[in-house]
Amino acid sequence: MRSLLLATAFFVSSIVVAQAGDIMASRYGNTTITTDANGNSTHLYYKADGTFTGKQGDAAFKGTWKMDGANVCLTADTPIPNTPNPACAPASAHAVGDSWQAGPYKVSLVKGIQ
């Protein structure tokens with residue numbers, strides 16, 4: 001589970017400026033997918049109300065997100081052992097359809113809920 005929130009922190013580090021004043025807008029209704037070196041993928045779904053849900057295999061998680069300066073911070077409703085809560089990561093711009101490396105993770109922002 002620790003890798004679950006760490007993966008979340010890495011893939012949330014790529015944010016798209018879709019609308020002035022809301023750098024998370026491109027995430028709403030779309031899926032951020034992070035894949036680690038072992039092929040484990042995590043799907044994350046942001047909502048405009050500051051909440052998120054996600055899944056990795058059969059494990060599901062949820063919580064809240066907020067911007068803190070240039071960082072996006074996720075707070076899991078049920079803290080994950082040995083993982084910061086909130087987990088924060090720097091934000092950088094990417095568009096729906098982009099794929100990129102964030103540390104050891106391959107990250108993709110895909111259209112729709114997948």
Nearest 0.5 Å, please: how far is [atom2] in [Y] from [atom1] in [X]?
| X | Y | atom1 | atom2 | answer |
| --- | --- | --- | --- | --- |
| Tyr45 | Asn30 | OH | CG | 11.5 Å |
| Cys88 | Lys66 | SG | NZ | 8.0 Å |
| Ile33 | Leu44 | CD1 | CG | 10.5 Å |
| Lys55 | Phe61 | NZ | CZ | 10.5 Å |
| Thr64 | Asp49 | OG1 | CG | 10.0 Å |
| Ile113 | His43 | CD1 | NE2 | 11.0 Å |

So which atom in [X] and which in [Y] form the shortest heavy-atom distance, rounded to 0.1 Å?
| X | Y | answer |
| --- | --- | --- |
| Asn85 | Ala76 | OD1-N, 2.7 Å |
| Leu109 | Thr32 | CD1-OG1, 3.5 Å |
| Thr35 | Ser41 | OG1-CB, 3.8 Å |

If you group Ile, Leu, Val, Met, Phe, Trp and Tyr by side-chain heavy-atom gaps below 4.5 Å, do Phe52 and Met67 land in one group?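 Yes; Met67 is reachable from Phe52 via cluster members.
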Please tell me whether Val107 and Val96 are part of a single hydrophobic cluster in this structure, the criterion being side-chain heavy atoms less than 4.5 Å apart.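 Val107 clusters together with Val96.
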Sidechain-backbone polar pair: [X] side chain, [Y] backbone, donor-acceptor under 3.5 Å:
| X | Y | result |
| --- | --- | --- |
| Thr31 | Gly112 | yes |
| Trp65 | Thr51 | yes |
| Gln101 | Tyr105 | yes |
| Asp36 | Asn38 | yes |

